[in-house]
Amino acid sequence: MAEATTTEQPELPATTRPVATVGKATGSVVRAYAPIAVVGVLAALLPLHYGDSRSMMRLIIGGVLFAAYVVGFNVIFGSTGQLFLCVGALAGLGGYASAILSDRSGLPVVLALLVAGGLAAVVGGLLSWIAVSRSLGVIFTGIVTLAFSLAFHNLLLGQRDLTRGETGLVVDAGSDSFLGERVPPYYALLALVLAYLVIHRALQRSRVGWAFRALRDDEIAAELTGVDVKLYRVLAGVLGSAMIGLAGALYAHTEGFISPSTYAFGEVDVRVLVMLAFGGIGSLLGPVIGSAAFTALDEWLASSNEYRLIIYGAVIVVLFLGFPQGVAPSVHALVQRLRRRTSGARRRN
Amino acid sequence: MKAVVLDGLVLGLQFGLLGVGLTLVYGLGGVLNLAHGQLAVLGAMVVALRMDAGSPAVLAVLTGLAAAGAVGLLLDRTLLQAVYRRRGESRVLLGLLLMLGVAFMIEGFLVWRYPIESLRLRIGGDPVDILGVGMRTGSLLASAIAVGTGAALVVFFRLTPLGKAVRSVIQNEEGAQLCGVNPAMVRTLVLALSGVLAALVAITRSMTSPVPVDAGIDLTILALIVAVVGGLGSVSGAFLAGVLLGIVNTVSAHYIGTYVTTIVLLGAAAVTIVLRPSGLLGMGRE
């Protein structure tokens, strides 16, 4: 990936240059978006197989929700290296805002969803702006966003008038309309994830994607070649947070019930981090692979809830120690290397 | 009011001790030990289990301290070696994520095996009158241990050659190496020390209120807040911040409410990072 920055020529239109993502470098639109279509078709067929089982659909809906979170987090962390430890809080901000706005103020659900996404975007953008303008490193960005997460969680518990605290909030709006039954919510969330993937792919292929890769590889070099590092970081923060907030809000309406633990740090952020690390940080389909793998793992571990935490911890350690690029890309790279053993395809980082 | 402030002081000294362990490890190797609270609970659980098995309290406490220290040492010699091989941001990120994983493993294991265990050391004796406030013996003993340990740490870092070696590595790793200090050895030592300090906090805390098996996350977050406000890498900063935040904590909990208090503490950490990333007594090193 490091070669991309050195050979960058900003004048060329983006489509004529190779797209340095997972997979073969190609400018073809079809080849760029085909993986998303494949994922969409495969995922759309799942209810045919599992639609009868309420518990299976519940599980799958959870997996799709997390895929949406992970894509958003991937845009922030994977593209620009900002460690946002507040995915749950941003989703919760969206979820509670949308639920309260539509249930209490009678705002139409679609409008409430948009407001929720916008709110998350503003807060995420603000956090990102603080991190960038004070040039906080990865550690301080992590601590500030973690502090925001925990403070938000406490706020949810404390503002009982609005949120009903631990008891949780029943979300009526939306359940009687187009989001009524069990299968349609799945398609609503799936459509959201697919839209996110398309946006992410379009970003990767655009000037913005080049800027992201440049500043991730070498921030100073990127700055010197004229990339406005601060602007692109905040942009990633805004966009990713909007994705997370909107997903959290949509889930609130499809599920019909939210509580602080729906969006708690331990429930959301930890899993999002593990899923992205497994699927491959920065890659397009990494979030999908990661969330599918861990949703399956969760189902498999369902009977052994007690030591799920140990397994998650061990997975984090093994993943970051052994596969810094993610398991899926590592396997992919291995296959590539076996296929053509000619050139020494050394992959740093 | 006086009683509240005194309670805050007792709590603050424990906060300080909690922050010191975290701040030292970060200052030395750039590893933000997110398993700090879990190490503390691990030590406390060893004490509780030893005491359940009929071991005398002092012996049990020593075993608990040694166990946490040993885990710290083990972590340094194994997992963290991979972290130290890296440089810059990627070292910081890897260290943070690995210790997060370790935190889950320790907590998961303890909660799985001993779900209802908790440590409560009962210190007998009548309340002692201090400034017209009756203080419990447990609080006084906990504070005395915290002050004593803090003083011992200051003496160690200012006066002994080994302590100076530790400080030299914090200030400038390469320079220290040139002067014949072995950073790897110093790091191992400090990780073990930090484990012992963490366990000591959990044990002294149990003299005033029970420490349940799942207290790790709260302790880690407190340690993080204290270390950040004091300035990552600064021992005296951690103690100063600990005492300040301890008093803020009890005053705010007493007059406003507990949930606001948590937000106040978290806000203190966030504001410190934004306005003065080096903390109260930090050295301007990020």
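In what follows, every heavy atom counts, from backbone to side chain, and hydrogens, waters and symmetry copies are set aside. Quantities reported herein were computed from a predicted structural model and do not represent experimental measurements. Quick note on labels: first sequence line is chain A, next is B, and so on, each numbered from 1.
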Heavy-atom distance under 4.5 Å to chain A: side chain of [X], backbone, both or neither?
X: B:Val274; value: both
X: B:Ile273; value: both
X: B:Ile106; value: neither

Which answer fits [X], side chain, backbone, both or neither, if we ask what part of it has an atom under 4.5 Å from a heavy atom of chain B?
X: A:Phe77; answer: side chain
X: A:Leu155; answer: both
X: A:Val270; answer: side chain

If you draw a 6.0 Å radius around [atom1] in [X], do more than 12 non-hydrogen atoms from other residues or ligands fall strictly inside?
X: A:Arg164; atom1: CZ; answer: no
X: B:Arg205; atom1: CZ; answer: no
X: B:Ile116; atom1: CD1; answer: no
X: B:Leu275; atom1: CG; answer: yes

Measuring from atom [atom1] of [X] to atom [atom2] of [Y], what distance do you get when rounded to the nearest 0.5 angstrom?
X: B:Leu32; Y: A:Ile139; atom1: CG; atom2: CD1; value: 4.0 Å
X: A:Leu150; Y: B:Leu266; atom1: CG; atom2: CG; value: 5.5 Å
X: A:Phe320; Y: B:Leu79; atom1: CZ; atom2: CG; value: 13.5 Å
X: A:Ile310; Y: B:Arg113; atom1: CD1; atom2: CZ; value: 9.0 Å

Side chains of A:Phe140 and B:Leu232, heavy atoms from C-beta outward: is any pair under 4.5 Å? yes
Hey, which residues of residues 93-105 of chain B are touching chain A, say heavy atoms under 4.5 Å apart? B:Leu93, B:Leu94, B:Leu96, B:Leu97, B:Leu98, B:Leu100, B:Gly101, B:Val102, B:Phe104, B:Met105
If you count heavy-atom pairs within less than 4.5 Å of chain B, which of A:Ile130, A:Ile143, A:Leu83, A:Leu146 leads? A:Ile143
Ranking A:Thr145, A:Val318, A:Ile316, A:Val315 by heavy-atom pairs under 4.5 Å to chain B gives rank one to A:Ile316
